[in-house]
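So you know, we letter chains A, B, ... as the sequences are listed, proteins then strands, and number each from 1.
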Amino acid sequence: MSDLEDHTAFDQDDEREHEERDKREEEDDHEQPRRRKYGDDEEDEDDEEDEEDEEEEVRSGKKGKKRIKRRHKRDSAARFLDVEAEVSSDDEGDEDEGDFGNDDFIETNDHIEDDSTRRHHALLDSRRQFDEDEDKSPEQIARDLSQRYRRTAVRYTGDMNEIPQRLLMPSVHDASLWQVRVKPGKEKDIVISLMRKAIEVEHTRPLQILSAFERDSLPGMIYVEARSSQQVMQACIGLVGVYPSRGIHLVPIEEMASLLQIKKQEATVQLHSWVRIRRGKYQGDLAQVVDVDNIEEIGVRFIPRIDLNPRDDGTAGGLDAKKRKKAATGATGALRPPQRLFNFEEVVKVHGRGAVSKRNQVYVFQGDTFKDGFIEKDFKPSALITEDVNPTLDEITHFSRKTDGAVGDSMVDLSIIAEASRKQAVAVLQPGDHVEVFEGEQAGVHGVVEEISQDVVTITPVGMDIEGQKVDLPARSVRKRFKPGDHVKVMAGKNTDETGLVVSVTDNVVTFLSDMTMQEVSVFSKDLREAAEVGASTNIIGDYELHDLVQLDPQTVGVIFKTERDSFRVLDQNGQVRLVRPHQISMRRDSNRAIATDAEGHELRINDNMKEVDGEGRKGRILHIHQSFFAFLHNRDVVENGGVFVARARSLVSLAPKGSLIKLAPGADLSKMNPALVAPTGGMVGSGNMGRGPRDRLVGVDVTVIKGPHKGYNGTVKDTNGAVARVELNTGNKIISIEKAKLHRRLPNGKTEPVEGPGASWGRNNSMGPPSSVPNRTPNPYSATAGAGGRTPGWGGGRTPGWGGGRTPNPYADSRTPAWNASSRTPNPYQTPAWNASSRTPNPYAADGGRTPAWQPSSRTPNPYAANGGATPARNANTGTSSWGGATPGRNTWGSGSGSDGWGGATPASRPDWSSEVWNAPTPASAPTPATAPTPAAYTAPTPALSAFSYGTGGMGLSAPTPGVFPETPGTMNFEELGRVPYSPGEDWILDTQIKPFYNRLKVTVHDTIRAGYLEGAYENRTAVVLTASRAGEGFDQTAYVRFVDDGKGEERSIMMKYLIPFVPDTVDEEAVVIYGQRRGELVKVRQRPDGSDTIEMVVVESVGTNGAAFWECQKDWMCALTR
Amino acid sequence: MSSQNFADEEAASIPTVKTKHLRACLLCSLVMSGGEFRARGCPNCEEILQLKHSPDRISACTSVYFDGLISNIDPENSWVAKWQRTANYVRGVYAVRVKGRIPEDVEADLDARGIKYRPRDQTDAD
């Protein structure tokens, strides 16, 4: 006893010495008391442990001999085997003592003297030793023993295994865990590096950290155990891939344990379960687990893919195995052979008898083992997919084919699928589901699911004694409950989205009558859900949708009128119903822009409501138009073919009568008459390259986004819808929807203008068809419909001389040129009014001929170039700068003759009055203004034109611009591109004989006198009534005698006629005289309120003169207001 | 205390970063390369597992299926080591989890010694 105590005492001394050397002395001291703090439980545990140790001690005492021998045999690693053996041989009966000696010797072998003393004791009195042992307090024995065993590092003790895990939870005295960011993928390396580093530097500057770890499921971070983040930081210095700068975060104490408890989701592979092969030749193939004895190598069985058509056709026997193998693997790269069960004969035939060997019931071929036709092979678990295998019935039946041998019993063991589906069933349960219990104590109970927590569902039973209570059940013992009459929807499986009425329920198989096919469908109840909706969600299959127009073959198109689960019913243009599958459809056709002509010659489009004129008189909405001949219509009331039927477009009439296209009624929009804007009808049908109907003017226009996230982007308008345009950005080939207000048109000169609003006039050029399309337009709709017609080729012809001759002496030509250029180059400021102003400028002098385009009332597209007439089609055709430049010379010629001869009755001074302020911009033009009398040419020229022109007379209307005009008179204009142009009357318009009758009433405005300095501009802008006028002699300025009516004084005086311009009517019911055009001289009443400063505005007027009443539209500035 | 001496002096061989075929001891979860186990055995469990020079024992008592690496730098004082019950083992790299169980004979041996076997796969719940 005493020596034992000595020994212990010595041990402690010894330890102390060690501790003095120990760097972690303090921590250790700190550690010791902490250990005691696990609470009473732990103390008890410790005691228990001690007792057990004691017991063990006793046991080992009894069976000592036997055990020690075994240990000797085993403990080959023991470093002091000899000594131990010596002791054993000394006293076999006292192996405990021997152990003691051994242990002591190991630990403190430099104190041999002491040791030998003790051994001496042992040798002397082993029996007494036993007694002493028994005399010792159990605690002491335990302490001794634990001391002893702890020091024998080679001895496995598992001394902490008795402590329940929960008692190991971290306390505040433990060091903290710190989360450190590291390079993803490098976590393991870094943890190991930390360990190495710790060992390397332990004698120099030891790391202060206690441990470090990583978890696979937490990529990009490691956890370091240390008492402060500073220590972590220091430990991380010099390690590549550690990012302490991204923060070292303290892990809350309650989360520390969880970090080490994370479990990877690992599906344990069960025998006979299904797996898939992850890679290689059999990638994705289903396999069945046949051997799970070795978790590192899972034996699976699957259908082989043996190449029975090896690329290398050399006789297999002549090739060595390696080469053949190579060839085989090479072939798999290109196309893997189909799955086929191993057939000895076939393989031998192809690969030769030598390639296959047979052992027992097993064939070996190319290193693989084949049994019952299947290949059996071991895979590492990582090479197998064990989750979400979802074997299909097909695949499984393949397996069953030979599984059960020649018996031909094709029944598959579906228990595994059933099991899997049952598991799945848990997942598909939802609170509120009606379920029934089909196994266990509560079998037969049914109720509503209240709550689901993992595998436990809480249900409220219905219709039982226990109603009202809540019952917890394992989720796998309940299944969804349906009863006949329920309307259900299939949630999963190949019948997904099928809906129907339950007709019968057998166990977990529910049979229902499909709403769609009216056939009975049986599905597992787990895949069902009660649903109110009728299977409408299958209107889309693949890319095709109900009511799509699809191309079936080059000759046939059809409309899908019914979708089934994986097929369509299609009504083709011949009225045949076909059942097609998606792959039989070559493409979907878009007939959005298609148009056709109905029985009355009106156009029809999709979504029009039409009615058959013959046959059954069916009504319907047009779904699609095919080749402008067939129309597919839909009417919900028609039962047949889902309401879809096909008709010839020519046998349809519109249900909602379309208004006559030209209605000379107030509010009528003459733009409708514009052939450019209205879809042509007659003669168009069948023309292959016909336009797709009117497109938005903006389509195709280059724009810049000026607002919003895409500001600054350039793009092209692809489509418009109300205020929104779809713009294809030049960058990134992306189409965005954007409000038009956020778009600016990009002009060739790099400037921009708004696409909407006043600036929009410009864009219309773009929308105009190219000249080539003009012939298509030939049949003017007006002639057909509203009886307008009459725009004869004379237009072009007649006008031409007017241009050529009368135009020549335009004094403005030269000066105007820059202005023109300016305005054309910078269309923005000149937008509509400006343009008008400038284009009007030459007018007074340019004779009526110059006005030509303006007369074309139908065209709302005042092409400024067109207005120029002589400016050649080149300009019309292209708004680009280049063409503009080309046109300029034309202008020069135009003006060259005029030069100095002083056309300029209209001095620049008068111009500001004429129109808006923009006017002023091009004023350099005004310089050459020596007023002269207009040459007669100016008058004569338009005359033929006027006579040829036949606008506005009842029923005559506008003529079709015949194509012939264009080629012949390039000097004129492309009618398609004409716009109305402001009219400026000639200087002596007052003298017109047609106007003369209205003297005394004719309202005029004094204009441009300030600039000319005429009468010091005193009368500028004043309104007067022409009292009388008569032509003065050659060389004199024409004057008119007027009375000023605007100030009530009634001053009368004569004013030079060139300063008098017509007073444009501006109120409703005002009387006016038409001063220009076919109806010149006619007395009219304005019937539409003129609004805006736009002088080219068309207003509806009523002829009230002797020619009889008629409503028509007249350009505002073609009239001169009359006083009452 | 003295085991700390041991720890000071001894550490398991640390696998190199690039070491493939790391194995973890099923009993103590120490991670080393297979070759290291063969050459030296498991420094913690050699007494009971007898891995040295015994590939069969190694394949039976160690596993390549483990996850989570822990560097046990100061096992005596580390809570992580305590939690993992490796506080008394040598310094070295340990696994958080090791899949599998030790062979039955070892289990029986442990049982005979009155040592509770705790599998390293975190399946025991207490």
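In this structure, the portion of B:Val96 lying under 4.5 Å from any heavy atom of chain A is its side chain and not its backbone. Contact annotation for A:Ala257: both backbone and side-chain heavy atoms come within less than 4.5 Å of a heavy atom of chain B. Of the two parts of A:Leu177, only the side chain, counted from C-beta on, holds a non-hydrogen atom closer than 4.5 Å to a non-hydrogen atom of chain B. Looking at A:Gln261, both its backbone and its side chain come within 4.5 Å of chain B, counting heavy atoms on both sides. Both the backbone and the side chain of A:Glu214 come within less than 4.5 Å of a heavy atom of chain B.
B:Thr86 has its side chain within reach of B:Ser29: a pair of non-hydrogen atoms, C-beta onward, lies under 4.5 Å apart. Between A:Leu259 and A:Phe213, the closest side-chain pair of non-hydrogen atoms falls below 4.5 Å.
By the ring-ring contact (aromatic ring centres under 6.0 Å, His included) test, B:Trp79 pairs with B:Trp83, sequence neighbours left out. Residues forming a side chain to side chain contact (heavy atoms under 4.5 Å, CB included) with B:Arg38 (at least two apart in sequence, or on another chain): B:Pro55, B:Ile58.
Of all the listed residues (A:Pro170, A:Ser176, A:Ala226), the one sharing the greatest number of non-hydrogen pairs under 4.5 Å with chain B is A:Pro170.
When the shell of 6.0 Å around NZ of A:Lys186 is examined, it contains 12 or fewer heavy atoms from other residues, nucleotides or ligands.
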